[in-house]
Amino acid sequence: MSWLRALKETARSGFSVERRRLEPAIAARGALGLALVVGVSLALFGPAVAAASAFGAFQAAIATFQRSWRPRPTLALASGASLAVSTFLGYLTGAGAHPVLFLALLLLWTFLSGLAWAAGPTAGIIASSNVAIMLVTVTLPTSVAGAAGHAVMIFIGGVVQAALVVLLPVRRWGAQRDALADALAAEADYARRLRQDPVAAFDPVPLMTARNAAAVTPRQARSRPAELHGARGLAERIRPVLASLADPAVGVPEEGAQRDRVRELLAAAGAVLDAAAHAIRHGEPVTLPPAAVAALRTPDTGAILSGPSRRAAVRLAALLGDVVETAEPRTETSTEEARTRPTMVRLAPIVLAKMRAELRPDSPILRHAVRVSAVTAVGYLLGTALPFGHGYWAPMASVMVMRPDFSQTYARSVARFGGTLVGVALATAVVRTAHPGMYLSAALAVLCAFGMYLLMRTGYAVSQVCVAAYVVFLLGMDGAGLTQTVRERVLLTLLGGLLAMLGYAVYPAWETPRLRGRLADWLAADGRYAAAVAARYAEPAGHSCPDVREALLATRAARVAWQEAVARATHEPVRHRGLSHATAEEAGHALAEFGRAAMLLEAHLPERGTAPMPAAAALAEALRRATERGAKDVRERREPRWDDLRETVAAWSADPPDHFLLDKGARLLLDALDELTAALSDATR
């Protein structure tokens, strides 16, 4: 993709506005916390302290909106405490008196904030925001004692937001409920799509998100609603059953009475899963459609279906019954062992270990840390040197828009400039015409913050309009910043955005050259999963197989990493080096088919005590060797071959395994690998 087209696409993405469900109650709670902090601070300490404490409350509320499964009060406290420390250290280094010392701190703090992305987007966003807000708050105090007081008030702002989350709960466990409901709804949609396309693909992201949401801290485990236990595991067990019921490879012909019956069962499954998803999302009793219940309970299934399809239908009905029972709201807590999540104290060494692991030359996180620290320092120096005053607008824009990937950095740069242009213009026009006093300016700042909290998930440009106006009104409480014109503020923001874009162009971390590695990782993970499934035909252990489960989770993670890499590479202004967009799409489809064939085999694992199948052990070993060697070939730009696997499957021609699916499943796996080779054949020449 050319640079011109890439810029056009990222600009369009930056200005896009999505229709998202608004949460006015949560936005109002955040604005209330901000209003309390600003009002009390104004009455007791004056506008300078009020501005500092307002930034703490403002940032703490933003932290509670992040897509994190940790308790919201914990996020607010962590945000307030880290911003307080940043502000105090920033003032001690002397932003005005000792600019060299402050610049050194700014470089260190920004570099660490860039490395914080290794711990996830929530940590990265909070750390980046701390640096950006620190650039403003260090200009407010006038003494060390004053700086300490400002830091305390910033932390109190975080405490107030945390207290309001506890005292005024809105949709408690709402994020976890939504994640689990989304997983069940995705299963329902999958069931309906299978009616028309028996080999339809399934996106594992909702199930992975629900799994992440299911991990709780010890404190959360004591209060988690019972209906949030168990349903995710059932949804994961339902998926292969749905696939095996619909797939013609298992035995149901593509047309006829059996196929019609399968379509009825799939439609009923979709309706039941949707009802369970609705009940979990809203904490209400499950209301099942009578037609779906009748379709699942009718005795016609046993008369129409037979063999594997009949067993799949019976198992599907049992699993759906378990889902409905689990989704019913109950007051007692479940005795099921919960997935544990470390507390914030125990999380610290884990985060530090992840950050240290990124200190390697090929790490995109390290490149981001170096890039953002250098750009922020240059922006600070230029903003200070230019005769505009309040030069922090330039580095603040840079650090807020920069992300580890190209598309987000450029899209946010354009969106921030546009949003700042509108927000600053509107706020300055209000200030110039209405001349609001101290308390009215504070009220307008709170109103802008409410708008930001309400609209922050609809689009970055929209939220930046509110943020820019918020900063103008907040600093205008005592007249600070009013000497700066709209033109000067917008020019400094434009400078910060341009520096961010230039920094990525000079020192990029392109995803396109790494696509082959991502594909190889997915192939290797898929191979380990298929080999683990095949090995359980040689050593039957029923459906409770931890090794198969772990391999499945690994292949899901590898698949999502591939999909995210392809999405990031789509708009990069670089020529492909090994994988074109068409090749990547075909290769991804081939590996998805490989995973689907392995899932069909998993759905029909023999029960514990069943006679072992020695041929399956040879298949498992051949799959493991072939996919490991194939992954190495993909990385080294060679055409992968599957001769060992082909010979293993061909040896069954005279004496196939005594199982209705094992031989057919092995051939489906081999066909998918051949499809992968065909997709990569042009790319390796």
Side-chain angles (χ1 to χ4, degrees), residues 177 180-202 206-207 210 225-330 543 599-600 603-604 607 660:
R177 287 185 178 278
L180 181 54
D182 289 344
L184 293 174
E187 294 274 8
D189 177 69
Y190 180 54
R192 284 188 289 269
R193 287 188 290 113
L194 286 173
R195 299 177 66 223
Q196 308 302 326
D197 181 8
V199 294
F202 179 79
L207 288 178
E227 59 266 30
L228 297 185
H229 289 267
R232 176 188 56 83
L234 291 170
E236 295 193 352
R237 290 160 58 192
I238 285 174
R239 182 203 166 191
V241 175
L242 291 172
S244 65
L245 181 63
D247 200 309
V250 180
V252 175
E254 296 187 7
E255 295 297 337
Q258 293 186 65
R259 176 57 57 180
D260 292 340
R261 182 61 188 145
V262 165
R263 291 189 178 114
E264 281 186 58
L265 293 174
L266 292 172
V272 170
L273 289 168
D274 272 338
H278 182 274
I280 288 175
R281 194 184 303 276
H282 299 284
E284 301 172 353
V286 182
T287 303
L288 296 177
V293 175
L296 291 169
R297 292 180 178 175
T298 178
D300 293 345
T301 299
I304 298 174
L305 302 180
S306 61
S309 57
R310 182 177 182 276
R311 289 196 298 271
V314 172
R315 188 153 184 260
L316 175 62
L319 289 172
L320 289 174
D322 291 342
V323 168
V324 171
E325 182 180 355
T326 304
E328 288 286 353
R330 301 187 298 280
H543 291 277
M599 183 182 63
L600 289 178
H604 294 277
E607 298 294 335
F660 76 96

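Just so it is clear, the model here is predicted, and its values are computed rather than measured.
Listed by chain and residue number, nothing satisfies the salt bridge (Lys or Arg N to Asp or Glu O under 4.0 Å) test with Glu254 (two or more places apart in sequence, or in another chain). With sequence neighbours excluded, no residue forms a side chain to side chain donor-acceptor pair (under 3.5 Å) with Gln258. With sequence neighbours left out, Glu607 forms a side-chain contact (heavy atoms from CB on, under 4.5 Å) with His543, Thr610. Judged as a side chain to side chain donor-acceptor pair (under 3.5 Å), and not counting sequence neighbours, the contacts of Arg177 are Glu227. For Glu264, the side-chain contact (heavy atoms from CB on, under 4.5 Å) partners are Arg261, not counting sequence neighbours. Ala292 is linked by a side-chain contact (heavy atoms from CB on, under 4.5 Å) to Ala268, Ala271, Val272, Pro289, counting only residues two or more places apart in sequence or in another chain.
A ring pair (Phe, Tyr, Trp, His ring centres under 6.0 Å) check over residues 295-317, counting only residues at least two apart or in different chains, returns nothing. The stretch residues 257-285 participates, sequence neighbours left out, in these ring pair (Phe, Tyr, Trp, His ring centres under 6.0 Å) pairs: His278-His282. Applying the ring pair (Phe, Tyr, Trp, His ring centres under 6.0 Å) definition to pairs two or more places apart or across chains, none involves residues 232-252. Sequence neighbours left out, the pairs with a member in residues 181-194 that pass side chain to side chain donor-acceptor pair (under 3.5 Å) are Asp182-Arg281, Asp189-Arg193, Arg192-Asp274. For residues 284-327, no pair satisfies ring pair (Phe, Tyr, Trp, His ring centres under 6.0 Å), with sequence neighbours left out.
Atom CG of Leu228 sits about 6.0 Å away from atom CG of Leu180, to the nearest 0.5 Å. For the atom pair CZ (Arg232) and CZ (Arg237), the distance works out to 11.5 Å, reported to the nearest 0.5 Å.
Of all the heavy atoms in Leu265 and Ala295, the pair that sits closest is CD2-O, 3.7 Å. When all heavy atoms of Val262 and Leu305 are compared, the pair lying nearest together is CG2-CD2, 4.2 Å. Closest approach of Ala257 and Ile304 over heavy atoms only: O-CG2, 3.9 Å. Across every non-hydrogen atom of Leu184 and Ala235, the tightest pair is CD2-CB, 3.7 Å. Minimum heavy-atom separation, Leu194 to Ala246: CB-CB, 3.9 Å. Nearest heavy atoms, Ala243 versus Met599: CB-CE, 3.3 Å.
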Item to check | side-chain contact (heavy atoms from CB on, under 4.5 Å) between Ile280 and Val286, intermediate numbers included | outcome: CA-CA 8 Å; Ile280 288 175; Val286 182; over 6 Å; no
Checklist entry - What's the verdict on side-chain contact (heavy atoms from CB on, under 4.5 Å) for Phe202 and Leu207, showing C-alpha distance, side-chain angles and the deciding distance? => result CA-CA 10 Å; Phe202 179 79; Leu207 288 178; 3.6 Å; yes
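Listed for the Ser244 side chain is a donor-acceptor partner under 3.5 Å among the backbone atoms of Pro240.
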Donor-acceptor pairs under 3.5 Å, side chain of residues 306-323 to any protein atom, not counting sequence neighbours: which ones?
| from | atom 1 | to | atom 2 | distance (Å) |
| --- | --- | --- | --- | --- |
| Ser309 | OG | Ser306 | O | 2.8 |

